[in-house]
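Just so it is clear, the values below take in all heavy atoms, side chains as well, and ignore hydrogens, waters and symmetry mates. Every value quoted in this text rests on a predicted model; they were computed, and no experiment measured them. In what follows, every chain begins at residue 1, and chains take the letters A, B, ... in the order their sequences are listed.
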Amino acid sequence: MSSLITRVRLKQISQHIENGKRLDERGLHDYRPIKIEQGIIEKAEGSARIYMGKTEVLVGVKVETGEPFPDTPNEGVQTVNAELVPLASPDFEPGPPDENSIELARIVDRGLRESHAIDTGKLCVEAGKKVFVVFVDVYVLNHDGNLIDASALAALAALMNTKLPNYEYKNGELKIKQGFTQLPMKSHPITVTIVKINNQLVIDPQLEEEKVMDSRISIAVNEQGNICAVQKGGSSYFTPQQILEASKLAQAKAAELRKKFNW
Amino acid sequence: MNDKPIKLIDKKGIRLDGRKADELRPLKLQVGVLSNADGSAYIEHGKNKILAAAFGPREMHPKHLALADRMVLRCRYHMAPFSVQERKSPAPSRREVELSKVIREALEPALFLELYPRTGVDVFIEVLQADGGTRCASITAAALAIADAGVPMRDLVVACAAGKVDDKVVLDLHDEEDKLGAADVPVAYMPSLDAITLLQMDGILTPNEFQQAVEIAMSGCKKIYEMQKEALKTKYMVVKDIEEKEEEEVEE
């Protein structure tokens, strides 16, 4: 993951941040402008596209029937996959998912799963035999940093936009009826990633800033302000004090985004 | 998760395996257990049995992966098919790919990567038996293997999890607590530098509980850290003993 960037530029960014400034005049704890469009793929049960600055992520939700896991026979299934599509960055290559796309998918998955975002208890058709499987596919279309927050927000927006067809279940057969119902949801987690650059905690890094970051921590926060998933990444460390600051920052920013989108 | 009311902690605060809230499972650490690796370590942490081996610094293979300005650390976390109740396919799962990445990122801060440009260190971790908390035990063992290989380190990396079980924050979850508990917080830590190098969480915790979990995980790490140092010393005590004996024999 390294499209070219000169050392001079790296130094410039890192000095900027040391002085509390960003490349684009934002504050250290400001998000870039965020725009979300829902329901843009008609063939998907749910979809959303997010623009976070120049970062662009599309999430499609498909719902199919399948078998439940043996240990949760009464619950629907959630699966999240992420594709770093080659058209999104010169650094992305076609081929099977690499560790970056797997990590991205698993962070998005954990945020939704651990906060019980999808009410999987309501997705059972016949216990132990047939349940709804919700496929959340994260499609990165343009990579300009902070894919985790953008993908998590877009995934949530797509799920909130997801409609299940009405159905009738008789003698082991599923019959689709007219009309739709909303995908049942219990929680709306928001994931905030904080990166450490030059010992400063920074929100929503763009790609060039990610290249100078030491480490990052992504924290998913639910409506009650509780923490439901955490993932540290990057080749450096955080002090315990920085973890405390990051968790407070995540709560404040999550509340701010929640208010903005009215979620 | 369906039939909930399994009590994981009894009225006296004792857990299913007889431990108190802040008590670690029994640990055994051994260094230099494999002769072909440059460094190796074996850990038994509760019922976890894990081998770690380090190779390098050595020439990178394939060569184009080498970096001109620093060493490359590669990690592979892998579970043996027989390590869990139901046979696990030996092909790497998405979980193993993610864990390999976070383990690498937990170890990297301890290494002076910039001192060994164009080289690579490979760390291979084989989980022979899993009992909850394998990523933490793997990190503890992998750090020892790297140290045993003679790669200079800023500090040993040691890892331990905390979590929430029956509304209580406890140290070092075993398998059942991990699966049925409310949250799991694995932490990797460099005690001498007070630096957290891995932090994950799943479950739901209030900000206070989260803070508490990180703190007790760190206190667990500090205890294991002492055992880590002891294990490293023990290997060299044995080497020293053998050398002294050989010297005596020569003198005779």
Side-chain angles (χ1 to χ4, degrees), chain A residues 2 7 69-75 79-81 96-107 109-111 113-116 121 127 187 189 214-222 224-244 246-248 250-251, chain B residues 1-3 67 69-70 72-76 86 92-102 104-111 113 154-155 157 179-180 182-190 193-211 213-215 217-218:
Chain A
S2 66
R7 272 167 198 263
F69 287 111
D71 53 339
T72 52
N74 299 305
E75 287 179 39
T79 74
V80 179
N81 182 50
D98 66 352
E99 59 173 25
N100 295 307
S101 71
I102 290 176
E103 189 191 27
L104 176 62
R106 287 179 62 89
I107 294 173
D109 182 87
R110 219 173 287 148
R113 187 181 301 277
E114 299 302 331
S115 63
H116 308 284
S187 166
D214 300 307
S215 41
R216 63 166 154 78
I217 183 165
S218 304
I219 302 176
V221 181
N222 68 7
Q224 289 76 38
N226 291 332
I227 297 170
C228 35
V230 173
Q231 176 99 337
K232 177 255 169 191
S235 311
S236 184
Y237 62 89
F238 286 99
T239 63
Q241 184 58 33
Q242 286 166 337
I243 299 284
L244 180 65
S247 88
K248 284 186 181 152
Q251 280 160 48
Chain B
M1 281 274 214
N2 299 316
D3 28 350
L67 294 176
D69 61 345
R70 70 195 120 114
V72 174
L73 176 66
R74 285 189 293 195
C75 282
R76 184 179 103 127
E86 269 185 45
S93 65
R94 291 163 67 89
R95 175 178 171 276
E96 287 170 296
V97 174
E98 186 209 338
L99 288 194
S100 299
K101 181 174 191 284
V102 296
R104 185 188 75 224
E105 290 171 342
L107 296 168
E108 271 175 340
L111 300 179
L113 299 175
R154 293 187 168 87
D155 195 3
V157 185
K179 288 197 177 103
L180 301 170
D184 177 26
V185 185
V187 173
Y189 184 55
M190 294 194 283
L193 302 169
D194 198 27
I196 292 173
T197 65
L198 171 135
L199 179 59
Q200 292 182 294
M201 191 204 101
D202 53 59
I204 296 182
L205 291 180
T206 66
N208 276 338
E209 287 168 339
F210 174 66
Q211 208 54 41
V214 173
E215 267 159 33
M218 279 172 14

(request) Can you sort out the partners of A/Asp214 under side chain to side chain donor-acceptor pair (under 3.5 Å), two or more places apart, ordered by chain and number? (result) none

(request) Hey, could you give me the CD1/CE distance between A/Ile219 and B/Met201, rounded to the nearest 0.5 Å? (result) 9.5 Å

(request) Could you have a look at A/Ser247, A/Pro240, A/Ala229 and say which one has the most heavy-atom pairs with chain B under 4.5 angstrom? (result) A/Pro240

(request) Output the distance between atom CD (B/Glu215) and atom CG (A/Leu244), rounded to the nearest 0.5 Å. (result) 8.5 Å

(message) Closer than 4.0 angstrom, basic N to acidic O: yes or no for B/Lys101 and A/Glu99?
(response) no

(request) Supply the atom-to-atom distance A/Ile107 CD1 to B/Glu98 CD, rounded to the nearest 0.5 angstrom. (result) 7.0 Å

(request) Given side chain to side chain contact (heavy atoms under 4.5 Å, CB included), test B/Ile204 with A/His116 step by step and report yes or no. (result) CA-CA 10 Å; B/Ile204 296 182; A/His116 308 284; 4.3 Å; yes

(message) Suppose we screen for side-chain contact (heavy atoms from CB on, under 4.5 Å). Which residues come up paired with B/Ala182, at least two apart in sequence or across chains?
(response) B/Lys164

(request) Output the distance between atom CD (A/Gln231) and atom CG (B/Leu198), rounded to the nearest 0.5 Å. (result) 7.5 Å

(request) Check each atom of B/Arg104 against the heavy atoms of chain A and say whether the ones under 4.5 Å are side chain, backbone, both or neither. (result) side chain

(request) With the side chain counted from C-beta on, respond yes when A/Glu103 and B/Val102 share a heavy-atom pair under 4.5 Å apart, and no when they do not. (result) yes

(request) Would you mind checking which part of A/Gln242 comes under 4.5 Å of any heavy atom in chain B, side chain (CB onward), backbone (N, CA, C, O), both or neither? (result) neither

(message) Just so I understand: if I count every heavy-atom pair under 4.5 Å between each of B/Thr197, B/Val185, B/Leu193, B/Leu199 and chain A, which residue has the most?
(response) B/Leu199

(request) Sort A/Asn81 into side chain, backbone, both or neither according to what part of it lies under 4.5 angstrom from a heavy atom of chain B. (result) both

(message) Please find the pair of heavy atoms, one from A/Ala105 and one from B/Arg94, that lie closest to each other, and give the distance.
(response) CB-NH2, 3.3 Å

(request) Heavy-atom distances under 4.5 Å only: say whether A/Thr239 touches chain B with side chain, backbone, both or neither. (result) both

(request) Might you point out which heavy atoms bring A/Glu114 and B/Gly203 nearest each other, and give the distance in Å? (result) OE1-N, 3.1 Å

(request) Take A/Gln241 and B/Asp194 through the side chain to side chain contact (heavy atoms under 4.5 Å, CB included) test and state the conclusion after the steps. (result) CA-CA 10 Å; A/Gln241 184 58 33; B/Asp194 198 27; over 6 Å; no

(request) Kindly give the heavy-atom pair with the smallest separation between A/Ser235 and B/Pro109, and that separation in Å. (result) O-CG, 3.5 Å

(request) Would you confirm whether B/Glu105, through its side chain, and A/Gly234, through its main-chain N or O, come within 3.5 Å as a donor-acceptor pair? (result) yes

(message) If you count every heavy atom of other residues, nucleotides or ligands that lies below 6.0 Å from B/Phe210 atom CZ, does the total exceed 12?
(response) yes

(request) Report the distance from atom CG of B/Asp202 to atom CD1 of A/Ile227, rounding to the nearest 0.5 Å. (result) 13.0 Å

